[in-house]
Amino acid sequence: MAIKKPSLPKGTRDFGPLQMARRNYIFDIIKDTFKLFGFQQLETPAMENLSTLTGKYGDEGDQLLFKILNSGDYLKDVSPQDLESGAVATLSKVSEKGLRYDLTVPFARYVVMNRNEVTYPFKRYQIQPVWRADRPQRGRYREFYQCDADVVGTDSLVCELEILLMIKRVFSKLGLKDYSIKLNNRKVLAGLAEVIGVPGRESELCVAIDKLDKIGWGKVQEELVSRGFDPKDIEKLQPIIDLKGSNQEKLSFLKDFLSSSEVGIKGIEELQSVLDLLASYGSDETYVDFDVVLARGLSYYTGAIFEVKVNKVSIGSVSGGGRYDNLTGVFGLEGVSGVGFSFGVDRIYDVLEELDLFPKDQLEGTKVLVTYFDEEGVSYGLRVLAALRNSGVESELYPDLAKIKKQFTYADKKQIPYVIVLGSEEINSNKVSLKDLKTGEQTTLSIEEAIQAVKS
RNA sequence: GUGGUUGUAGCUCAGCUGGUUAGAGCGCUGGUUUGUGGAUCCAGAGGUCGCCGGUUCGAACCCGGUCUUCCACCCCA
């Protein structure tokens, strides 16, 4: 019997104790922020009915969905003709469930199913893993966590404001100082398409323009031409590509540039309102960057769109989101507007690691290790252990009777700061020897004194 | 999904144009010290060279397939 070495599925990872400590550090800051802003937690199942998921993310998205094979004889409904007509035709007969691809669609499904129970505006946050059958790369995994906060049931731009504020708070708590929150509005992009004479084709326009900082204006023009855009129309975009300056300067330029487009002007007004709200709140436009060429692929966005990039690191965007006027429409509930965004914890982790921004003392666990020499020490040690724990000191007793050196090595490896040593001297005098492993100082104290010393 | 790349000890990596028993550093275990860790010194354990097949007298090295890693495209957190 050959024993196979165990391995993980492509694009998935284990998280060891150190990694978990660091991940929880990030999770806690995000969770804290969501709660501070009045969001309530929601969890949904890892798997959804395939019919809930398909068709929401475009053709590309459908390909990236993980499908779950039906239980039992999953071939029982499949005919030879099905197999001949290919994978797509067979799929619905062998699989009716899939792993969630993001948190927004399950949220929309939840809202629709509970439309009469939820109070609007409904502010919820959700922190759960999602799965995508993508090719893994740096900062791109097949299983990763998203931390979503969305509001549905209101058109108020205060929601957009709050998203900016939450991003600022989280990044400031994480110690990130060099980043930018790119902000744009789908209506502005629609306006651009109108103004250059290709109304309704902003989606195509976006996909190409979005690559501007990556491949440059020249290549973007080539791509637009190959997508069937007229070079004369493309040329009209030149002033947009060259656009520089403060948010206000860019806005006032576009107000003029888009003056013939009703929807474009609406977009500019919305952006202006959000920035005004930011000022009213007492915050400012630091880190906020109105970026006319920010497009983002997701087709359901209709208003504001956000994306956060940390500068000078090799990771893509760490957060993104936007407003979608009719997300629940596909599930039969019309007229519910929503806006939301998501933090990518796994990418934030990679960024913090690359910038060495994790706090140094993360592996905080046990504070005191109780060590001893013989059986007599075990029973005395358990008494000491109970006293420590009753006083709220994280502590443990070395479970095996072992050489004191081995017990010390254990403490050292686990970065336990204090060791209590119990030998016949300590037991007879009803005391403990407390050693500070950092300084090497050791003193003999009563149990109570030792607890006080450790706590201070 | 398309193209490329990587895989040798727990970790980071050597290994000359295919040639006998595959090496180093770190880590690990034990000892120096049978009441004291992190330093030094000494000793030791540990490898189906990702997996399967092929070429060859002979393969870690060449060829094919497969899995994995990372990268570009696509897309995205």
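Naming: A, B, ... by sequence-line order, numbering from 1 per chain. Computed from a prediction, not measured in an experiment: that's the story for all the values here.
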- Task: Between A/Pro136 and A/Thr409, name the one whose nearest nucleotide on RNA chain B is closer to the 5' end.
- Result: A/Thr409
- Message: Any side-chain N or O of A/Lys405 below 4.0 angstrom from OP1/OP2 of B/U36?
- Response: no
- Query: Is there a donor-acceptor pair under 3.5 Å between the side chain of A/Lys182 and the backbone N or O of A/Phe290?
  - Reply: no
- Which is true for A/Thr371 with a 4.0 Å heavy-atom rule: it touches a base, it touches only sugar-phosphate, or it touches nothing? nothing
- Message: Considering every strand and a 4.0 Å limit on heavy-atom distances, what is the contact class for A/Gly321: base, sugar-phosphate, or nothing?
- Response: nothing
- Query: Which value, in whole Å, describes the distance between the P atoms of nucleotides B/C70 and B/C13?
  - Reply: 13 Å
- Task: Output the single nucleotide from B/A77, B/U36, B/G35 whose closest atom is nearest the side chain of A/Lys435.
- Result: B/U36
- Query: Would one find a side-chain N or O of A/Lys211 under 4.0 angstrom from OP1 or OP2 of B/C73?
  - Reply: no
- Task: Please determine, for the side chain of A/Gln442, which listed nucleotide (B/U69, B/A77, B/U36) has the closest atom?
- Result: B/U36
- Give A/Gly61 one of three labels, base, sugar-phosphate or nothing, depending on what nucleic acid heavy atoms sit under 4.0 Å from its own. nothing
- Would you tell me if any nitrogen or oxygen in the side chain of A/Lys413 comes within less than 4.0 Å of OP1 or OP2 on B/C28? yes
- Message: Does A/Gln407 contact B/G35 through a side-chain donor or acceptor facing the base, at a distance under 3.5 Å?
- Response: no
- Query: For the side chain of A/Arg347, counting heavy atoms from C-beta on, which of B/U68, B/A77, B/G37 is nearest?
  - Reply: B/A77
- Query: Which is true for A/Ser342 with a 4.0 Å heavy-atom rule: it touches a base, it touches only sugar-phosphate, or it touches nothing?
  - Reply: nothing
- Query: How far does the P atom of B/G47 sit from the matching atom of B/A24, given to the nearest Å?
  - Reply: 15 Å
- On a heavy-atom basis, the closest approach of A/Ile127 and A/Lys31 is CD1-CG, 4.0 Å
- Message: For the backbone of A/Met20 and the side chain of A/Asn24, can you confirm whether one donor and one acceptor N or O come within less than 3.5 Å of each other?
- Response: yes
- Message: For a 4.5 angstrom cut-off between non-hydrogen side-chain atoms, does A/Lys367 reach A/Tyr418?
- Response: yes
- Message: Measure OH/A/Tyr141 against P/B/C71 and give the value in whole Å, please.
- Response: 9 Å
- Task: Rounded to whole angstrom, note down the P distance from B/C11 over to B/G1.
- Result: 29 Å
- Round to a whole Å and report the spacing from CG of A/Asp14 to C1' of B/U68. 15 Å
- Message: Using a 3.5 Å distance criterion without hydrogens, assess whether the side chain of A/Thr366 forms a donor-acceptor pair with backbone atoms of A/Val368.
- Response: no
- Between B/U6 and B/C16, how far apart are the P atoms? Round to whole Å, please. 16 Å
- Let me know the distance between NZ of A/Lys403 and C1' of B/G35, rounded to the nearest Å. 13 Å
- Message: Reading RNA chain B from 5' onward, which residue's closest nucleotide shows up sooner: A/Asp412 or A/Val318?
- Response: A/Asp412
- In whole Å, what is the span from the CG atom of A/Asp210 to the P atom of B/C75? 9 Å
- Message: Nearest whole Å is fine: how far is B/A77 P from A/Phe171 CZ?
- Response: 14 Å
- Task: Searching all strands shown, indicate the nucleotide that pairs with B/C49 (Watson-Crick or G-U wobble; both distances under 3.5 Å).
- Result: none
- Item | Separation between the C1' atoms of B/A60 and B/C49, rounded to whole Å | 5 Å
- Item | Distance, C1' atom - from B/G19 to B/A59, rounded to whole angstrom | 10 Å
- Which value, in whole Å, describes the distance between the P atoms of nucleotides B/G65 and B/A22? 30 Å
- Query: Between CZ of A/Arg124 and CG of A/Leu103, what distance do you get to the nearest 0.5 Å?
  - Reply: 6.0 Å
- G-U wobble or Watson-Crick pairing nucleotide for B/G25 (cut-off 3.5 Å, both distances): B/C11
- Look at all strands and tell whether A/Glu425 reaches a base, only sugar-phosphate, or nothing, counting heavy atoms closer than 4.0 Å. base
- Message: What is the separation between atom CG on A/Leu401 and atom C1' on B/G35, rounded to the nearest whole Å?
- Response: 13 Å
- Nearest-Å distance, CZ (A/Phe373) to P (B/G35)? 6 Å
- Query: Is A/Gln137 near enough to B/A72 that one of its side-chain N or O atoms lies under 4.0 angstrom from OP1 or OP2?
  - Reply: yes
- Length of the CZ-P vector between A/Arg138 and B/U68, whole Å: 21 Å
- Item | Under 5.5 Å and under 30°: A/Phe144 stacked on B/A77 | yes
- Item | No-hydrogen, no-angle side-chain donor-acceptor test under 3.5 Å, A/Asn311 and A/Asp178 | yes
- Item | Spacing of the P atoms in B/G7 and B/U12 (rounded, Å) | 12 Å
- Message: Between the base of B/C76 and the side chain of A/Arg132, is there a donor and acceptor pair under 3.5 angstrom?
- Response: no
- Under-4.0 Å salt bridge between A/Arg13 and A/Asp346: yes
- Watson-Crick or G-U counterpart of B/C16, or none if no pair lies under 3.5 Å: none
- Task: Mind checking A/Glu307 for me? I need base, sugar-phosphate or nothing, with any heavy atom below 4.0 Å counting as a touch.
- Result: nothing
- Message: Please pick, from B/G3, B/U69, B/U36, the nucleotide with the shortest atom-to-atom distance to any side-chain atom of A/Arg135.
- Response: B/G3
- Item | Sugar-phosphate only, base, or nothing, as touched by A/Ile404 at under 4.0 Å among non-hydrogen atoms | sugar-phosphate
